[in-house]
Amino acid sequence: MVAAAPDGEDRAVEAALRPRDLGEFIGQERVRGQLDLVLKAARARGATADHVLLSGAPGLGKTTLSMIIAAEMEAPIRISSGPAIQHAGDLAAILSSLQEGEILFLDEIHRMSRPAEEMLYMAMEDFRVDVIVGKGPGATAIPLELPPFTLVGATTRAGLLPPPLRDRFGFTAHMEFYAPIELERVIHRSAGLLGVEVRPEGAAEIAGRSRGTPRIANRLLRRVRDYAQVKGDGVVTRDIAAAALEVYEVDGRGLDRLDRSVLDALLRLFAGGPVGLSTLAVAVGEERETVEEVAEPFLVREGLLARTPRGRVATPAAWSHMGLTPPRQRGETPGGSLFEE
Ligand SMILES: Nc1ncnc2c1ncn2[C@@H]1O[C@H](COP(=O)(O)OP(=O)(O)OP(=O)(O)O)[C@@H](O)[C@H]1O
């Protein structure tokens, strides 16, 4: 699968491929420009930067940007995530050990528990938390002063953040998918760091199949590099890239085996829909969530599938991408259109 979530190998290589400062960070011009101002101004004032919320799909560079913020502010960084903070006490332990000016990166901040979230409101606004000691009627709140810090929250679902939390971020940046030309730059940069020779057409071939996502571009580059070493002379040309990605079942538009089997079932078994999500999931032998969260966002973004109140529907582009002809609609005459008088 070409899902943008990192795997074990990704995590190790990602650390090596991460841009270290804003100058090295490719694309996202608007976010980069705005963030540059926020950080420069804070530095000029000798203050800690405002809290920053980064939203966007997995693999677009949120973790990378948080590390860049720390580097630009010459501050240490502490990394944790919403799911790891289930009790307010977990958060209190992290907050009370922060140094002045430290960057606290909370990934998947929308998945934090409610009590922790409420503690975070106060910490963000007043640099203070109330630690509750004891239980029941004897419980007391002990106020704890915190050093000023910068919270960098990352979320794939900004809409799920409660407004009181969202409003406490001084700067909110939405990360967009990358244009193919930007991904080509990511690939050339990573190839340089990995010591792989990549021709421009080879980079373009990989970029076109990377779903607008640098993490996927880097992962496909590594698979293509393997193929080039084993089947070729190590150089990534267009033909080598195309042949390698064929082996890994990533098609010319970046669809992987799961995406294609969803489309295939929708088109062949259900004549293009509408069909319910559960039925579609059973037909491809996957969990409902996998179809909904892994395959569909990209298919919808590519204009191949639509989610309608009556169920999932294939678009005309899906038929042509899969090399199939849509069945004739009721009332349509051969060679004529549905709307012919
Ligand atoms: N703008 C960029 N320029 C160059 N490389 C990038 C850029 N953005 C991301 N990358 C590379 O993509 C990989 C994934 O980035 P990162 O881990 O920051 O994504 P993320 O948005 O935090 O993902 P997740 O939400 O899944 O944790 C990293 O290896 C990083 O080197």
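Side chains included, hydrogens not; waters and symmetry mates left out as well; all remaining heavy atoms used. In this text, all values refer to a predicted model and were calculated from it rather than measured experimentally. Whatever order the structure lists ligands and atoms in, that order sets their numbers, starting from 1.
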Ligand 1 and [X], any nitrogen or oxygen pair closer than 3.5 angstrom?
X: Thr64; result: yes
X: Thr156; result: no
X: Gly61; result: yes
X: Thr63; result: yes

Any non-hydrogen atom of [X] lying under 4.0 Å from ligand 1?
X: Pro19; result: yes
X: Gln28; result: no
X: Gly59; result: yes

Does [X] use its side chain to pair, donor to acceptor, with the backbone of [Y] at less than 3.5 Å?
X: Arg168; Y: Tyr121; result: yes
X: Arg157; Y: Gly56; result: no
X: Ser210; Y: Gly212; result: no

For this session: Could you list the atoms of ligand 1 found under 4.0 angstrom from a heavy atom of Phe25?
Result: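 Going through ligand 1 atom by atom, the ones under 4.0 Å from Phe25 are 1 (N), 2 (C), 7 (C), 8 (N).
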Problem set entry | Per-atom contacts of ligand 1 with Lys62, taking only distances under 4.0 Å to non-hydrogen atoms |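 Taking each heavy atom of Lys62 in turn, ligand 1 has 18 (O), 19 (O), 20 (P), 21 (O), 22 (O), 25 (O) under 4.0 Å.
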Exercise. Around atom CZ of Arg199, are there more than 12 heavy atoms of other residues, nucleotides or ligands at under 6.0 Å?
Worked result: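 12 or below, so no.
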Exercise. Around atom CD of Glu246, are there more than 12 heavy atoms of other residues, nucleotides or ligands at under 6.0 Å?
Worked result: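 It does not: Glu246 CD has 12 such atoms or fewer within range.
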Exercise. Between the candidates Leu17, Ile26, Asp107, which shows the shortest non-hydrogen contact distance to atom 1 (N) of ligand 1?
Worked result: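 Considering heavy atoms of Leu17, Ile26, Asp107, the nearest to atom 1 (N) of ligand 1 sits in Ile26.
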Problem set entry | Under-4.0 Å heavy-atom contact with ligand 1, by part of Asn218 that carries it |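 Within the 4.0 Å criterion, Asn218 contacts ligand 1 through side-chain atoms alone.
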Could you pull out all donor-acceptor pairs under 3.5 Å where a side-chain atom in residues 264-280 meets a protein atom, sequence neighbours excluded?
| unit_1 | atom_1 | unit_2 | atom_2 | d |
| --- | --- | --- | --- | --- |
| Asp264 | OD1 | Arg268 | NE | 2.8 |
| Asp264 | OD2 | Arg268 | NE | 3.4 |
| Ser278 | OG | Arg288 | NH1 | 2.8 |

Exercise. Any side-chain heavy-atom pair from Ile77 and Leu104 closer than 4.5 angstrom?
Worked result: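 SC-SC contact between Ile77 and Leu104 ruled out.
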Exercise. Please, which pairs that meet ring-ring contact (aromatic ring centres under 6.0 Å, His included) have at least one residue in residues 139-182, sequence neighbours excluded?
Worked result: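 Applying ring-ring contact (aromatic ring centres under 6.0 Å, His included) to every pair that reaches into residues 139-182, excluding sequence neighbours, yields His51-Phe149, Phe127-Phe149.
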